[in-house]
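For reference, the structure discussed in these notes is given below.
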Amino acid sequence: MLREQFPGLQQTVHGKPLVYLDNAATAQRPQRVLDAIMDYYLHHNANIHRGVHSLSESATALYEQARQSLARLLNAPSDKNLIFVRGCTEGVNLVAQTFVRSRIQAGDEILISHLEHHSNIVPWQILCEQTGAVLKVIPMNDQGELQLDQLDQLLTEKTRFMSVVHVSNALGTINPVKKMIAMAHDKGVPVLVDGAQAMPHLPVDVQDLDCDFYTVSGHKMYGPTGSGVLFGKAEHLEAMPPYHGGGEMISKVTFESTVYNAVPAKFEAGTPHIAGGIGLGAAAEFMMETGMSQIADRDQQLRIYAEQALSEVPGLKMVGTAVEKSPVFSFNIDGIHAHDIGTIIDHCGVAIRTGHHCTMPIFQYFGLAGSCRASLAFYNTEQEVDVLVESLLKAKAMFE
Ligand code: PMP
């Protein structure tokens, strides 16, 4: 059983079996990921890339094997296309401050969408402040889907870059990014895709998408916190300037000048999160062995079940009803504050998230302060959805 491989799911909370429905915030990790982290610290603990001693060599081998596993998961042409980062936040900031900053000037435009997480909004606002560039936004509709009939006219001769989320963390909307990338490329605009919520749920093939950059967060895809990767096309990684300066990213330093290391080391200054990278490699192996299409199919079964079950809760209003959706449900219940619901159902063992989910513009659109969000993963069960529904009914009863 897959579920049994996740020790975090075997706990009780307030004396009740944990029903973990906060996977969009962070997922649980399989034993195999925990073992890989522990194995590094117990048996291979050394700094990587520089050492001549055995431990350093075995640690380097494990770290680089992890990069290869991630390259296979994303179907990147080579592991050299992957930069280890702390997560999507760092992936977006890196692209903004290197690739895009080096090719943008005042009056140029950067295009994002209304469905973005703050981490795919704020780095672009910072870049716009630094350069005088202008941020443009692809609008959404009442279902929480992007209005793609407007994309063509939003891609102007001034657009220098587009950065879009693959799957919305707040509403679950799955964006047709392959089509969006093709439209942007028709106008010569390179594209970054924020894959934080896609990688845990969908097969991702960066070559098929033809994206210029794709970034994922380790902790959302059953791996360690503070880990992640950024995929970039080789020609971009070669051409763009480094991000952070320091050790590892150089091949020669004098006080007069520095020669940078080859890609991807050029973007990996300092001692990295070695255990995190190795743990993330184990997560990638776990996902490939489980099968991404099996994970995606199971997610859709759960989505359909949960959609039906939640629709039977009186007074529950779903926020975001896209046709293409991952198992993420944002909702409010008439007359009860989301935080009260979250706190009450925690006492039934049910973990959900409440608030704006780092997507304030989405809730501004709907005129809401926030929502309850239940986000499922393939290891959740129909019975857990039933417990969620029962606990929501209990919360409602307390307020009536
Ligand atoms: N994008 C999306 C869609 C997310 O859901 C998140 C995390 N909630 C991020 C980006 C940022 O990821 P991280 O905090 O791991 O850097």
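If you're wondering where the values come from, they're calculated on a predicted model, not measured in any experiment. Whatever order the structure lists ligands and atoms in, that order sets their numbers, starting from 1.
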Exercise for review: Could you tell me whether a side-chain N or O of N81 sits under 3.5 Å from a main-chain N or O of G232, the two making a donor and an acceptor?
Suggested key: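 Confirmed, N81 side chain pairs with G232 backbone.
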Check your understanding: With N175, which residues qualify under side-chain hydrogen bond (donor to acceptor under 3.5 Å, both in side chains), at least two apart?
Key -> none
Exercise for review: Step through the shown structure and confirm whether more than 12 heavy atoms of other residues, nucleotides or ligands are within 6.0 Å of CE on M38.
Suggested key: no
Review point. Which pairs, with at least one residue in residues 121-147 and sequence neighbours excluded, count as a salt bridge (charged side-chain N to carboxylate O under 4.0 Å, His left out)?
Key: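 Residue pairs with at least one partner in residues 121-147: E109-K136.
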Nitrogen or oxygen contacts under 3.5 Å, ligand 1 side and protein side:
residue: ligand 1; atom: 1 (N); partner: D194; partner atom: OD1; Å: 3.2
residue: ligand 1; atom: 1 (N); partner: D194; partner atom: OD2; Å: 2.5
residue: ligand 1; atom: 5 (O); partner: Q197; partner atom: NE2; Å: 2.7
residue: ligand 1; atom: 8 (N); partner: H117; partner atom: NE2; Å: 3.2
residue: ligand 1; atom: 8 (N); partner: K220; partner atom: NZ; Å: 2.5
residue: ligand 1; atom: 12 (O); partner: S217; partner atom: OG; Å: 3.3
residue: ligand 1; atom: 15 (O); partner: S217; partner atom: OG; Å: 2.7
residue: ligand 1; atom: 15 (O); partner: H219; partner atom: NE2; Å: 2.7
residue: ligand 1; atom: 16 (O); partner: C88; partner atom: N; Å: 3.4
residue: ligand 1; atom: 16 (O); partner: T89; partner atom: N; Å: 2.9
residue: ligand 1; atom: 16 (O); partner: T89; partner atom: OG1; Å: 2.6

Review point. Are the aromatic ring centres of F363 and H356 under 6.0 angstrom apart?
Key: no
Point to revise | side-chain contact (heavy atoms from CB on, under 4.5 Å) involving Q207 - partner list, sequence neighbours excluded | key: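 With sequence neighbours excluded, Q207 shows a side-chain contact (heavy atoms from CB on, under 4.5 Å) to N75, P77, D205, given in chain and number order.
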